[in-house]
Amino acid sequence: MIPRETIDRVFAAAKIEEVVGDYVSLKRRGANLIGLCPFHNEKTGSFTVSPSKGIFKCFGCGKSGHAVGFVMEIEQCGFADAVKQIAKKYHIEVEERELTPEEQQRQDDRESMFVVNDYANTWFQDQLWNTAEGKAIGLSYFMQRGLREDTIKRFQLGYSPERGNPLSKALKDKGFVEKYLINDTETKVGTGIIGKSEDGRLYDRFRDRVIFPILSVSGKTVGFAGRILKKKDNVGKYVNSPESLIYSKTNELYGIFFAKQAIAREDLCYLVEGQMDLISMYQAGIENVVASGGTALTKPQIRLIRRFTSNITILYDGDAAGIHAALRGIDMFLEEGFNVKVVLLPEGEDPDSYANSHNASDFIEYIKQNQTDFIRFKGQLLSEEAGLDPQKRANLIKDVVDSIAQIPDPITRQVYIKDSADRLHIQEQLLMREVTRLRRDKAIEQRKQQEIEEHQRELADAAQAVAADTPSADSKSNPTINPTSSNKKATMLDENFQNLLQLVIRYGERPLYQLQDGSFISVGTYIIAQLQADCIDAPNALYQKILDEFMSHCNESGFTAENFFKFHSDPAISQLAVNLIADKYQLSRIFSRQSISDNVVQKVNVKSDGEQLTELVPQLLLELKYTIVNMRIDKMNEMIKEAQENDNWELLRELLSGQPALLDIKNQISKQLGNRIITL
C-alpha cells in the first residue's frame with residue numbers, strides 16, 4: 001500500500017501540463033492548454049488541460065481526470081503503476097501497494113513482460129558491442145549502412161546470434177518465468193521474445209538478426225523488429241514481436257518516442273517506410289520523422305501522429321513500387337483532417353541512401369522543392385497511366401473524387417475540387433455533385449449504423465428495466481419514493497442527483513446551517529441526511545460510494561471534499577469528480593432566469609453557487625424529490641392500467657387507494673417550488 005503522504009507528494013509535484021505534454025501537443029489558450037484528445041478520434045482540439053485546477057477534460061468524449069488518471073488511461077495501467085511512473089519523472093521514491101488479486105495479476109503480467117523486454121533489449125545490445133559475432137556481423141552491418149556509434153546507441157540497436165538459442169538460456173538462467181517469454185495468442189500474455197516448438201523446445205525468435213527495439217510514445221520497450229542479413233529460403237526478411245498485452249503493431253509507430261518533441265516543435269511529421277530510413281534521416285539532422293515499419297498504416301497510428309501535428313509529408317522511393325506505395329492509406333490521412341504532402345525521391349534513391357549522401361538542410365530543401373499535395377500527385381500519376389483511354393480516365397476521376405470526399409474541411413474540399421477540375425479538364429460542378437453525393441451516402445450509412453447501435457442499446461436498457469421494475473408484493477401497497485423507474489424521466493433523475501453530488505464535492509465541508517447548540521451542519525452532511533430521511537437511494541453504486549466516502553472522511557482534520565474526490569484512488573470516483581468540477585454547475589433556473597411578474601420582466605440577481613448555498617441546496621433537493629414522485633406516479637399509472645386490463649380488481653383497489661398520497665406529495669413539493677418547478 002502506497003502511503004497517503006507519498007501519494008500526496010506525487011500529486012503535489014505533478015504538473016498536469018507536463019505529464020500530459022509527454023503524450024499530447026498542447027497549445028496555450030487563455031488560462032488553459034488545448035490539444036487533440038488521445039482517447040478518441042477528433043480533428044478539432046476539444047482536449048483541455050487546466051494547470052490551475054490540475055485536471056484534464058475532453059469535451060468531445062468526456063474523459064477527464066488528474067495527472068495520475070491520465071497516465072492510467074493512456075498507459076492502461078493501475079493506480080500504483082501510474083503513481084510510480086509520475087514519481088519517477090519527478091524523482092520521488094514510492095513504495096509498492098497491495099492490489100486486488102485481479103489488479104495484481106494484470107500488473108504482474110504487464111510489468112513482467114516489460115522486464116523481459118528490457119532485459120532482452122540490453123542483452124541484444126551487449127551481443128552487438130561485446131561479442132565477436134556481434135561485432136563482425138551486426139555492428140559491421142550498421143557501420144556499412146553509414147550509422148555512427150552514437151546513433152546506434154541512441155536507437156538501442158542490437159544483434160541476436162545465429163546458433164545455440166543463447167537468449168533462451170540466458171533468460172532461463174536468470175529465472176524468468178516461461179509464460180512471459182513465449183506468447184499466448186488467446187490471453188496475450190507473454191512477450192514472444194522466445195518461441196516454442198511442437199516438441200516443447202524453446203528457441204530464440206530473433207536469432208541471426210539485427211535488432212530494432214520498438215519503443216512506445218512514453219519510451220517503454222514494447223516489442224522488437226529483427227532484420228535477417230543472410231538470404232534464406234522461406235524465411236521472412238523481418239520478424240516482429242507478436243501481439244501481446246503490451247504491444248499491438250496497429251497502435252505503434254517506430255521512432256515516435258524520439259520524434260514527438262521535434263514533430264510538435266516543427267508542426268510537421270515526415271513519414272517513411274523502414275527503420276533504417278528513419279535512423280539515417282535522424283542522424284542527418286531531421287528528427288521529426290517516424291516509420292510505418294513496412295506495414296499498412298492504421299487509423300490508431302495516424303491518430304498517434306495527430307496528437308502532435310496535422311501536417312504530414314510522406315517520403316517514398318522513386319521507383320514504381322514506391323510510387324504506388326505512396327497511394328496506400330493516404331485517404332485515411334485525409335479523413336483525419338491532415339494536410340498531406342508527398343515527396344518522391346530521385347530514381348534509385350530511398351530516404352536512407354539520400355540521407356547518407358546529403359545533410360539535413362539539403363534534404364529539407366529537396367523536400368520543399370519537390371513535395372506536392374496528395375490530390376494533385378494522385379491526379380497527375382493516374383492521368384499519366386490512363387492516357388487517352390476513356391474508361392481509365394473515368395476510373396481516374398472516380399479515384400480522385402473518392403479522395404477529395406474524405407476531406408472533412410469544406411473550404412479545403414472546394415479548393416481541391418477546383419484544382420482537380422482544371423487539371424482533369426472536367427466541369428467543376430460535376431465534381432462537386434459527385435463529392436457531395438459520396439459524402440451524403442457516407443453520412444446516411446453512418447447515421448443508419450448509429451441508429452442500429454442506439455436501438456440495440458435501447459433494447460438492452462429496456463430488458464434491464466423490465467427486470468428492475470417488476471413490482472414486489474410489498475411495493476403494490478407501499479408507494480415509497482424510490483428512484484428505480486426506467487421511463488424517460490430517469491435522465492432527469494440522474495441530472496438531479498449529479499447536481500447534488502456536485503455540491504457535496506465542491507462545497508461538502510462548508511458550513512450550511514447553524515444548529516441550536518451553536519455548531520454547524522455542513523453542506524454534504526445536510527444533503528446526505530435529507531436523502532436518508534426521505535428514503536432516497538442513489539441511482540447507482542458509484543454515486544452511493546461517493547456519499548459513503550464523504551461521511552467516512554468528512555470529520556478528518558483538514559478534509560477538503562474537492563481535493564479528496566479529485567485525487568481519489570478509485571478512477572471512477574476521480575473522473576466523475578473532475579467532470580463535476582470542470583463542468584461547473586449552472587445555477588438552478590431559480591437563480592439564472594428572468595422572472596415574470598405582473599407583466600414586468602425582472603432580472604434575477606445571480607450570485608455564485610457558493611453564495612447561494614442556503615437556497616440552492618433545498619432547491620435541488622426539492623427538484624430531486626419532484627422528479628422521483630413524478631416517476632413513481634407514472635409507474636403507478638402503468639400498474640393501474642395493467643390491473644384494469646387483467647381484471648385484477650384487488651390490486652387495482654390497492655393502487656387507487658395509494659395514489660392520493662403520491663399526488664398529495666407532488667402538490668406539496670409544487671407549492672414549495674412555486675413557479676420554479678421544472679416541467680418534465
Side-chain angles (χ1 to χ4, degrees), residues 1-24 26 38 49-56 65-123 125 154 156 174-177 180 191 213 215-222 245-246 257-258 260-261 549 553 556-560 562-575 577-578:
M1 187 75 176
I2 300 177
R4 184 71 224 182
E5 56 268 23
T6 305
I7 295 175
D8 291 341
R9 283 184 62 205
V10 172
F11 277 117
K15 294 183 178 180
I16 185 72
E17 66 272 25
E18 294 178 350
V19 174
V20 175
D22 287 340
Y23 300 85
V24 180
L26 298 172
V49 173
S50 172
S52 62
K53 295 181 179 179
I55 61 175
F56 72 91
H66 44 60
V68 173
F70 178 84
V71 174
M72 290 173 65
E73 186 71 33
I74 201 155
E75 291 288 353
Q76 290 295 290
C77 62
F79 178 81
D81 200 30
V83 168
K84 286 186 288 184
Q85 180 169 322
I86 296 177
K88 185 177 180 181
K89 177 180 178 69
Y90 291 97
H91 309 291
I92 298 173
E93 185 176 353
V94 177
E95 301 174 14
E96 296 285 348
R97 80 171 179 93
E98 295 181 3
L99 304 173
T100 65
E102 295 77 13
E103 289 176 331
Q104 188 66 56
Q105 185 61 55
R106 181 174 179 83
Q107 180 171 307
D108 286 348
D109 289 342
R110 288 176 56 86
E111 289 187 350
S112 296
M113 292 166 68
F114 280 124
V115 170
V116 169
N117 276 352
D118 286 342
Y119 178 87
N121 191 3
T122 302
W123 190 88
Q125 293 178 68
R154 180 169 183 76
Q156 305 170 27
K174 287 291 183 180
F176 285 100
V177 178
Y180 298 123
T191 61
L215 307 185
S216 70
V217 69
S218 61
K220 292 186 177 181
T221 306
V222 294
L245 287 179
I246 63 173
F257 172 69
F258 301 103
K260 60 184 180 181
Q261 291 184 351
E549 287 277 271
H553 297 277
E556 295 176 358
S557 177
F559 173 81
T560 303
E562 181 170 320
N563 286 337
F564 176 81
F565 289 111
K566 182 169 67 176
F567 299 129
H568 201 281
S569 58
D570 185 333
I573 291 178
S574 173
Q575 178 157 336
V578 170

Minimum heavy-atom distance between [X] and [Y], given as atom pair plus value:
X      : Y      : result
Val222 : Ser216 : CG1-CB, 3.9 Å
Ile16  : Ser50  : CG2-O, 3.7 Å
Ala577 : Lys566 : CB-N, 4.0 Å

Report yes if the side chains of [X] and [Y] come closer than 4.5 Å at any heavy-atom pair, otherwise no.
X      : Y      : result
Gln156 : Leu215 : yes
Ile7   : Val68  : no
Lys84  : Glu111 : yes
Arg106 : Leu245 : yes
Phe70  : Val24  : yes
Phe56  : Val19  : no
Glu549 : Asp570 : no

Which residues pass the side chain to side chain contact (heavy atoms under 4.5 Å, CB included) test with [X], sequence neighbours left out?
X      : value
Asp118 : Thr221
Val115 : Phe176
Ala87  : Val10, Ile92, Val94
Ser112 : Tyr180

Taking atom [atom1] as the centre, does [X] end up with more than 12 heavy-atom neighbours from other residues, nucleotides or ligands that are less than 6.0 angstrom away?
X      : atom1 : answer
Gln261 : CD    : no
Glu93  : CD    : no
Lys15  : NZ    : no

Practice problem: Using modelled atom types only, decide if a donor and an acceptor are shared between the side chain of His66 and the backbone of Ser574 within a distance under 3.5 Å. | Solution: no

Exercise. Could you tell me whether the side chain of Lys260 and the main chain of Val217 form a donor-acceptor pair under 3.5 Å?
Key: yes

Quiz item: Is the charged tip of Lys174 near the ring of Tyr119: under 6.0 Å from the six-membered ring centre and within 45° of its axis?
Solution: no

Quiz item: Taking NZ, NE, NH1 and NH2 as the nitrogens, is one of them in Asp81 or Arg110 under 4.0 Å from a carboxylate oxygen of the other?
Solution: no

Self-check item: Those residues that, when tested against Glu562, pass side chain to side chain donor-acceptor pair (under 3.5 Å) (two or more places apart)
Solution: none

Quiz item: Considering residues at least two apart in sequence or located in another chain, which fulfil the side chain to side chain donor-acceptor pair (under 3.5 Å) criterion with Tyr23?
Solution: Glu75, Gln85

Quiz item: Taking atom OG1 of Thr191 and atom CD1 of Ile246, what is their separation to the nearest 0.5 Å?
Solution: 7.0 Å

Practice problem: Give me the ring orientation class for His568 and Phe564: parallel if the planes are under 30° apart, tilted from 30 to 60°, perpendicular past 60°. | Solution: perpendicular

